[in-house]
There are 2 protein chains.
Amino acid sequence: MARVFNFSAGPATLPESVLAQVRDDMLDWQGSGMSVMEMSHRGPEFVSIAEQATQDLRTLLAVPDNYRILFLQGGATAQFAGVPLNLPGDRADYIVTGNWGKKAHKEAGKYLDARVAATGDDGFTSIPDQSDWDLDAASRYVHITPNETIQGVEFPNDPNLGSDVPLVADMSSNFLSRPVDVSRYGVIYAGAQKNAGPAGICMVIVRDDLLGHAAPATPMVLDWQAQLEADSMLNTPSCFAWYVCGLVFRWLLDNGGLETMAATNARKASRLYDFIDQSDFYRNPVDPAARSRMNVPFLLADDGLDKSFLSEAGEAGLSSLKGHRSVGGMRASIYNAMPEAGVEALIDFMRDFEQRNG
Amino acid sequence: MARVFNFSAGPATLPESVLAQVRDDMLDWQGSGMSVMEMSHRGPEFVSIAEQATQDLRTLLAVPDNYRILFLQGGATAQFAGVPLNLPGDRADYIVTGNWGKKAHKEAGKYLDARVAATGDDGFTSIPDQSDWDLDAASRYVHITPNETIQGVEFPNDPNLGSDVPLVADMSSNFLSRPVDVSRYGVIYAGAQKNAGPAGICMVIVRDDLLGHAAPATPMVLDWQAQLEADSMLNTPSCFAWYVCGLVFRWLLDNGGLETMAATNARKASRLYDFIDQSDFYRNPVDPAARSRMNVPFLLADDGLDKSFLSEAGEAGLSSLKGHRSVGGMRASIYNAMPEAGVEALIDFMRDFEQRNG
């Protein structure tokens, strides 16, 4: 089969040129006589791959000098525990705007008093205004989820807390989709499998002063300071995922970086939302001010047509459009690697499906 | 460059046919129109890959029905904490026979009274006889490291504790190298990156009755029962590593399974040890009864020749022979995927190097 347009929420579509490079490197990376999967993580070849990827990520996100970058195993979900374990305290504030924020909040409750300082409406279709956040000045940190993959709600901008309490963000599903003012955050963490690479690796960007405070019972693989001292190689890292992330970073740099990516992503999202909004056949329930540029959930007016929509879309080479079971309907994830042609093909299909069934 | 013989201790050489399959699948797995790296872990394609790999591992190791198999992130090092967190108690016994056992013991000390019930000699060149283990009947478990990658010492057989105290084994570096009597163990865990696949995934095989006891402060990604209920997909797993492991399991089944592998590995190791023992130029310090069939450390009588040995070996296509910094000298890791021709090429080189420098 030819390559499909893959709208999966994650693991998600990757740039075809990156996959081609991975394929070509598979049995012999740059004359080393071995695959990246076979290399000692302590050897000069892999160390060069890891260092280049880290440097490229720093460049892409304009990470200030007083922040460190880690590449860890366990996914963002491991950091749901990693955050309170590395920033131990009596309490922390969580802004809960969707399923992932709920999970982060619940996990933190194992380690401290995790407060819900603000939350979206019942269906998580909006972002509470910062002036309505009920923050506790004694909190160790404030946690947000800038983009909620399932509900498709996204913070329009980087919040500015205007206090000494560090802002911690699970940026998994909009990481590298636009420029970020890293200095607004104490900690940014992100699983790779949306915009950065394959599943199995999580980037953690931490401000210097937040390192070195881990609780004694922190598993060493989750201890940011210990991992920093070992260049994220306290134990064997997820080497192959790290290498693929590095190729994606290079692809981003070669294609104009995050400014260009943000413009393209905004254009893709607008095209799709505009089409949905002008139709009575499709509907997106999210507050327009909080609509995600990455994950676009939509409902058919007649959910009895969901099954044929998905099956016919699949036949048209439009894959993985089924919405999350907790929301229903459809979801189109349109990450960096989804070309504009994929969004156009989706809209063409949706228009045609509506004409035949509307 | 042509493919080299790669003696890295891990990540380590993989079967060339597996790498060729991975390469051929890269842009389009079995007509799905996408790479395995791009697939939703909840979709039918990846679920079929994961289930087949799990079933093949069960077949290979003859895992009894009352054991569950998990595929987790974080490496064996994450399980150094995972074991005491899932089996909480007042104390546990550790049999420390090398660097990895030392690390496991130290990490466990964060969670319980971790006793050293037996240890090797100072240089870790032997395995203490089971009759000399100072076990505490009240221990929650007994932990062993059946093969120590750095020192090259290996338990000759599966111990039989003969008590109700569960035996827990970090089998990372001899996993799948020979048949194992799983029923002797309560828990077996193993990072993939020696004999099973790429780094970034760790298999945990647990007896039913040891599930469901995790301490309240266990990070959910390390909670075996929670992961079991989610089919190891509590969060996005290390999908691509899981898939490659599945191809390695299939390669093992297609090549006679673990009986055949054990015979080949014994032959490879004997050839190398016999050559070293007949020489005054090379030396292996390990008690012959405890010599690893996977990792063969050896010293040159004149360590002033180490550098030229390594450089000439590299030129001869024999890669990654440098010993661990804590031991020095050389180390040849000869896992399942190292062909007998690789061991013969190493011996030929060693003989030639001795003739030129001895």
Side-chain angles (χ1 to χ4, degrees), chain A residues 1-4 6 8-14 16 19-20 22-23 26-28 31-35 37-41 43 73-78 80-82 85 107 110-111 191 193 197-201 216-222 234-241 244 317 319-320, chain B residues 1-4 6 8-14 16 19-20 22-23 26-28 31-35 37-41 43 73-78 80-82 85 107 110-111 191 193 197-201 216-222 234-241 244 317 319-320:
Chain A
M1 189 177 193
R3 297 263 303 160
V4 297
N6 172 13
S8 171
T13 192
L14 289 166
E16 188 165 336
L19 292 173
V22 172
R23 176 197 61 203
M26 186 51 64
L27 277 84
D28 179 12
S32 64
M34 59 181 88
S35 170
M37 279 192 268
E38 303 175 298
M39 289 177 181
S40 168
H41 55 300
Q73 291 191 61
T77 301
F80 291 173
L85 283 166
E107 181 78 347
K110 292 178 180 172
Y111 307 102
Q193 68 272 15
I201 199 158
T218 306
M220 67 172 153
V221 294
L222 290 178
L234 198 73
N235 64 327
T236 315
S238 197
C239 300
F240 193 75
V244 179
S319 166
S320 309
Chain B
M1 189 177 195
R3 297 262 305 161
V4 297
N6 173 13
S8 171
T13 192
L14 288 166
E16 189 165 336
L19 292 173
V22 172
R23 177 196 61 202
M26 187 51 64
L27 276 86
D28 180 12
S32 63
M34 59 180 87
S35 170
M37 279 191 269
E38 303 177 297
M39 288 176 182
S40 169
H41 55 299
Q73 290 191 60
T77 300
F80 291 173
L85 282 166
E107 181 78 347
K110 292 179 181 171
Y111 308 102
Q193 69 272 13
I201 200 158
T218 306
M220 66 172 154
V221 296
L222 289 178
L234 197 72
N235 63 329
T236 315
S238 197
C239 300
F240 193 74
V244 179
S319 168
S320 309

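Hydrogens, waters and symmetry mates are skipped; everything else that's a heavy atom, side chains included, is used. A note on names: the letters A, B, ... follow the listed sequences, proteins ahead of strands, and every chain is numbered from 1. Every value quoted in this text rests on a predicted model; they were computed, and no experiment measured them.
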* Within the distance-only criterion (no hydrogens, no angle test), does the side chain of B:N235 pair as donor or acceptor with the backbone N or O of A:G74 below 3.5 angstrom? ->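 Checking the backbone N and O of A:G74 against the side chain of B:N235, a donor-acceptor pair under 3.5 Å is found.
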
* Main-chain N/O of B:V4 paired to B:S319 side chain as donor or acceptor, under 3.5 Å -> no

Any side-chain heavy-atom pair from [X] and [Y] closer than 4.5 angstrom?
X: A:S8; Y: B:M34; result: no
X: B:M37; Y: A:L19; result: yes
X: B:P219; Y: A:E107; result: yes

Which residue out of [options] racks up the most heavy-atom pairs below 4.5 Å with chain A?
options: B:T13, B:L27, B:T236; result: B:L27
options: B:T77, B:T218, B:V244, B:L222; result: B:T77
options: B:Q73, B:H41, B:E38; result: B:E38
options: B:V221, B:L234, B:I201; result: B:V221
options: B:A81, B:S35, B:A217; result: B:A217

* Report the option among A:A12, A:G82, A:G197, A:G10 that has the most heavy-atom pairs separated by less than 4.5 Å from atoms of chain B. =>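 With the most close heavy-atom pairs to chain B, the winner is A:A12.
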
* Asked: If you tally heavy-atom pairs under 4.5 Å against chain B, which of A:A9, A:A76, A:P198, A:A241 wins?
  -> A:P198

* Pick one of side chain, backbone, both or neither for B:M39, based on which atoms fall under 4.5 Å of a heavy atom in chain A. =>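 For B:M39, the backbone is the part near chain A, not the side chain.
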
* To the nearest 0.5 angstrom, please state how far the SG atom of B:C239 sits from the CD atom of A:Q193. => 8.0 Å

